[in-house]
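Protein chains get the first letters and strands the later ones, always in sequence-line order, with residue 1 at the start of each. Bear in mind the structure is a predicted one, so any value in this text is a computation, not a measurement.
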Amino acid sequence: MEKINITLPDGTQREVEKGATALDVAKSISEGLARNVLAAKVNGEVWDATRPLTEDTTLTLLTWNDDEGKSTMWHSSAHLMAEALEALYPGIKLGIGPPIENGFYYDVDFGEQSFSSDDFPKIEKKMLELAREKNEYIRKAVSKADAVTYFEEKGDEYKLDLIKDLEDGSITFYTQGNFTDLCRGPHIPNTGFIKAIKLMNTAGAYWRGDENSKQLTRIYGITFPKQKELSEYLERLEEAKKRDHRKLGKELELFTFSERVGQGLPLWLPKGAALRDRLERFLKAAQKKAGYDPVITPHIAQKELYECSGHYAKYGEDSFRPITTPHEGEEFMLKPMNCPHHCEIFKSSPHSYKDLPIRYAEFGTVYRYEQSGELHGLTRVRGFTQDDAHIFCTPDQVKEEFVKVIDLVLYIFKTLDFQDFTAQVSLRDPENPDKYIGSTENWDKAENAIKEAAAEKGLKTVVEYGEAAFYGPKLDFMVRDAIGRQWQLGTIQVDYNLPERFELEYTGADNQKHRPVMIHRAPFGSMERFIAVLIEHCAGKFPLWLMAEQVAILPISEKYNEGAEALSKVLNNSDIRALVDNRNEKIGRKIRDTELKKIPYMIIYGEKEHESGELSIRKQGEGDVGSMDTKAFIELIQNEVNSQIGEFE
RNA sequence: GCCGAUGUAGCUCAGCGGUAGAGCACUUCCUUGGUAAGGAAGAGGUCACGGGUUCAAGUCCCGUCAUUGGCUCCA
């Protein structure tokens with residue numbers, strides 16, 4: 001019998017018979033491992049664990065602990081759901097059923113049959129039933145003609161549409177139980193690995209994402225190898241729901257919306273405005289140190305400005321319509337971007353290379369007509385404020401400026417406790433060099449500058465080719481919040497387009513005119529979005545320095561209201577935001593209400609404190625933390641605030 | 001924008017053809033209490049808006065608006 005060599009990830013080698021499978025290899029290591037193998041990575045490609053190996057191979061066994069193992073299982077789960085659906089709804093047609101980040105979906109055309117999420121339990125039950133049969137997923141290569149015949153007989157036009165684009169000889173079917181699907185695989189060995197099943201929701205989805213095509217019913221689901229993991233997943237979803245910024249924003253009285261004001265136009269309530277103001281002042285202080293010059297520009301501008309910038313041609317149709325003057329019929333647009341205004345500021349006077357870089361910063365409110373279905377709390381709105389700045393510099397200064405902006409972003413992330421983040425570097429699509437404006441030399445220079453700056457700062461980066469804007473490469477910061485969700489926040493973008501369009505120039509050392517490079521940057525991104533993410537990240541328990549109400553003084557009875565008021569004045573004079581709960585309520589009640597408002601510190605104030613001057617302190621979420629005098633308490637708060645904000649160097 | 005769901009008191013929700021409900025919040029009174037809900041009374045609603053069906057409509061039907069889960073989009 002012929003032998004082949006298997007190299008495992010730890011470098012060890014094994015000799016097995018030709019035609020052995022990854023599962024066989026797993027068995028030769030341990031039975032326990034074999035029971036957990038979902039798929040295998042064979043020379044870098046994910047395969048069925050049951051597919052025969054025919055040549056020397058480097059092999060990684062994939063289990064539930066590997067992302068590829070999970071997605072294989074979810075892909076197989078999509079097939080299992082399709083099998084259950086076919087059994088329960090004969091005659092349905094199937095679109096595509098891929099794994100996604102959390103689970104899988106399948107797009108289904110139910111034809112005349114009615115379907116709703118009320119049917120989920122029935123389907124889940126059927127899926128479990130089929131899973132217990134431990135049906136194997138069997139791979140079979142078919143010719144294009146046979147594939148077409150199969151789905152013609154089945155009458156599934158979607159699969160036929162898919163086959164149309166496939167090359168003869170590359171087509172495979174997978175069969176488990178009574179269900180056969182067009183599929184490139186891979187799959188788990190059998191359905192028995194699927195132990196816990198939950199269908200999540202349904203949604204309309206166009207065939208091939210084209211809104212002119214038929215709309216199918218997309219069913220989302222997720223499966224696990226253990227019931228316990230499903231429960232944990234559902235708990236995490238519950239936790240996310242509790243942290244939802246829309247819910248907390250209402251409870252903590254941060255912001256609201258009004259139908260009469262309009263969709264996607266947030267109204268900041270006093271506490272939310274105070275929070276936002278504190279964040280803005282924090283960034284302004286850092287930007288001052290970093291050499292930014294604050295500027296202020298109006299909310300509207302002549303349409304011509306955006307024709308010049310090119311924004312009108314690209315987005316004009318999907319923007320708020322222009323505002324017109326009463327008589328002359330001049331057209332003005334609500335500003336969708338601050339950059340054209342800043343370009344005009346740059347142009348207002350001549351510049352020498354000695355002036356560069358020039359950094360104009362503005363908390364600029366912009367308005368964009370987002371599709372109504374896209375609006376979502378504070379994360380997707382129609383009017384929002386960018387912590388915008390535009391840096392005008394020479395091509396040689398790009399890297400240094402990038403490094404400085406990264407420093408600023410890192411300072412913010414550190415202060416607000418976003419510890420887990422990655423930087424996405426978006427570069428040109430090497431296949432389509434003509435898509436981009438600006439010289440190849442400048443692009444090379446800028447792309448290298450970004451990569452070098454990111455490397456110098458030790459950022460964890462992901463490089464995406466083809467994700468650059470047509471006007472320049474960019475660096476986006478993706479943060480992971482406290483419960484593991486990813487959000488895109490800050491962005492730094494190089495721009496060759498606007499300096500060109502606005503004919504910006506500076507005089508170089510050679511006494512010639514040169515075109516500056518522009519860098520757009522927004523460390524928060526937008527105040528709205530950032531605050532939404534911050535709320536969800538800290539579950540509404542903001543760091544002390546950001547809290548609108550830092551300390552609640554709770555008098556034991558009305559007799560001590562006066563003393564409590566006096567104490568609050570002392571604290572307020574030391575820049576501590578304190579309030580007195582002077583309601584006619586018992587202390588237990590006041591503590592409870594204060595806890596729910598997430599106020600970080602409480603001072604219980606009664607006879608004992610009034611006499612001794614020693615304050616009884618409670619910390620939110622922790623309870624009684626002992627007593628101290630007023631001076632010590634003030635220091636405690638001030639030290640905590642100072643340690644949270646730190647210094648931007 | 002498209003498909004589905006939802007819209008009842010400040011908030012969370014029940015009611016689903018026959019006189020608008022609960023809990024919390026709010027107001028007043030009683031109580032003046034020591035570490036997560038003291039007691040009583042009261043006030044509060046054109047049941048999102050506009051049409052229709054019906055003797056009778058939060059309740060059934062249609063439209064609009066908004067919210068929401070997705071899809072498409074995102075300077």
*asked:* Work out how far the C1' atom of B:A37 is from that of B:G69, and round it to whole angstrom.
replied: 35 Å

*What interatomic distance, in whole Å, is found between C1' of B:C49 and the corresponding atom of B:G58?*
14 Å

_Identity of whatever pairs with B:C13 - Watson-Crick or G-U, under 3.5 angstrom_ = B:G21

_Using 30° and 60° as the class boundaries, would you call the ring planes of A:Y471 and A:H520 parallel, tilted or perpendicular?_
tilted

*Please report, rounded to the nearest Å, how far the P atom of B:U6 is from the CG atom of A:N201.*
15 Å

*For B:C2, which nucleotide in any strand shown is its Watson-Crick or wobble partner with both distances under 3.5 Å?*
B:G70

*Remember a base hit wins even if backbone is also touched, and classify A:E558 as base, sugar-phosphate or nothing at under 4.0 Å, heavy atoms.*
base

_Options B:G33, B:C11, B:C26, nucleotide nearest the side-chain atoms of A:S557_ = B:G33

*Donor-acceptor pair, A:K271 side chain versus A:L252 backbone, under 3.5 Å?*
no

*Pair A:T202, A:T217: side-chain N/O donor-acceptor within cut-off below 3.5 Å*: no

*Please work out if A:R246 contacts a base, only the sugar-phosphate, or nothing of the nucleic acid, heavy-atom cut-off 4.0 Å.*
sugar-phosphate

*asked:* Less than 4.0 angstrom between a side-chain N/O of A:Q263 and OP1 or OP2 of B:C65, yes or no?
replied: no

*Taking atom C1' in both B:A20 and B:A43, what distance in whole Å separates the two?*
16 Å

*For B:G58, is chi within 90° of 0 (syn) or not (anti)?*
syn

Using the 3.5 Å cut-off, write out each protein N or O paired with an N or O of nucleotides 73-75 of chain B and the distance between them.
| unit_1 | atom_1 | unit_2 | atom_2 | d |
| --- | --- | --- | --- | --- |
| B:C73 | O2 | A:R380 | NH2 | 3.2 |
| B:C73 | N3 | A:R380 | NH1 | 3.4 |
| B:C74 | O2 | A:R380 | NH1 | 3.4 |
| B:C74 | O2 | A:R380 | NH2 | 2.9 |
| B:A75 | O4' | A:Y315 | OH | 3.2 |

*C1' atom, B:A48 versus B:C65: distance in rounded Å?*
8 Å

*Would you mind telling me which residue lines up with the more 5' stretch of RNA chain B, A:K590 or A:E259, judged by nearest nucleotide?*
A:K590

*Check the distance between B:G10's P and A:L252's CG and give it to me in whole angstrom.*
20 Å

*Give a yes/no on whether any side-chain N or O of A:T202 is located under 4.0 angstrom from OP1 or OP2 of B:G4.*
no

*Could you give the distance separating B:C61 and B:G4 at their P atoms, to the nearest angstrom?*
14 Å

*Rounded to whole angstrom units, what separation is found between the CG atom of A:L237 and the P atom of B:G70?*
11 Å

_For A:E362, run the side chain to side chain donor-acceptor pair (under 3.5 Å) check against A:H342, A:Q386, A:H390 and tell me which one passes._
A:H342

*Could you check how far OH of A:Y220 sits from P of B:G4, rounded to whole Å?*
16 Å

*Between A:R218 and B:C2, is there a side-chain N or O to OP1/OP2 distance below 4.0 Å?*
no

_side chain to side chain contact (heavy atoms under 4.5 Å, CB included) between A:Q488 and A:T491, intermediate numbers included_ = CA-CA 8 Å; A:Q488 198 224 298; A:T491 178; 4.2 Å; yes

*What is the distance from NE2 of A:H245 to P of B:U67, rounded to the nearest Å?*
12 Å

*State whether A:Y367 and A:K335 meet the cation-pi test: NZ (Lys) or CZ (Arg) under 6.0 Å from the six-membered ring centroid, and within 45° of the perpendicular axis.*
no

*List the steps, then state whether salt bridge (charged side-chain N to carboxylate O under 4.0 Å, His left out) holds for A:K619 with A:D624.*
CA-CA 7 Å; A:K619 242 180 140 164; A:D624 197 339; over 6 Å; no

*asked:* What's the gap between B:G10 and B:G45 when it is taken at their P atoms, as a whole Å value?
replied: 8 Å

*Sticking with atom C1', work out how far B:C47 lies from B:G15, rounded to a whole angstrom.*
11 Å

*Would you indicate, yes or no, if B:G69 has its OP1 or OP2 atom less than 4.0 angstrom from a side-chain nitrogen or oxygen of A:H376?*
yes

*asked:* Working note: A:D107 + A:W207, criterion side chain to side chain donor-acceptor pair (under 3.5 Å); need CA distance, chi angles, decisive distance, verdict.
replied: CA-CA 8 Å; A:D107 285 345; A:W207 173 238; over 6 Å; no

*Hey, does the Lys NZ or Arg CZ of A:R218 hover above the aromatic six-ring of A:Y105, less than 6.0 Å from the centre and inside 45° of the axis?*
yes

*Without hydrogens or angle criteria, can the side chains of A:E640 and A:Y601 be said to hold a donor-acceptor pair below 3.5 Å?*
yes

*Could you tell me which nucleotide pairs with B:G44 by Watson-Crick or G-U wobble geometry, both distances under 3.5 Å, or answer none if nothing does?*
none

*Reading nucleotides 34-41 of chain B from the 5' end, what letters show protein touch, with B for base, S for backbone sugar-phosphate only, - for no heavy atom under 4.0 Å?*
BBBBB---

*P-based separation of B:G17 from B:A57 [nearest Å]*: 14 Å

*Once you round it to whole Å, what is the distance between P of B:G69 and CG of A:L375?*
11 Å

*Check the distance between B:C65's P and A:L265's CG and give it to me in whole angstrom.*
16 Å

*Could you tell me the separation between the NZ atom of A:K541 and the CD atom of A:Q620, rounded to the nearest 0.5 Å?*
5.0 Å

*Please state how far atom OH in A:Y106 lies from atom P in B:C71, giving the value in whole angstrom units.*
18 Å

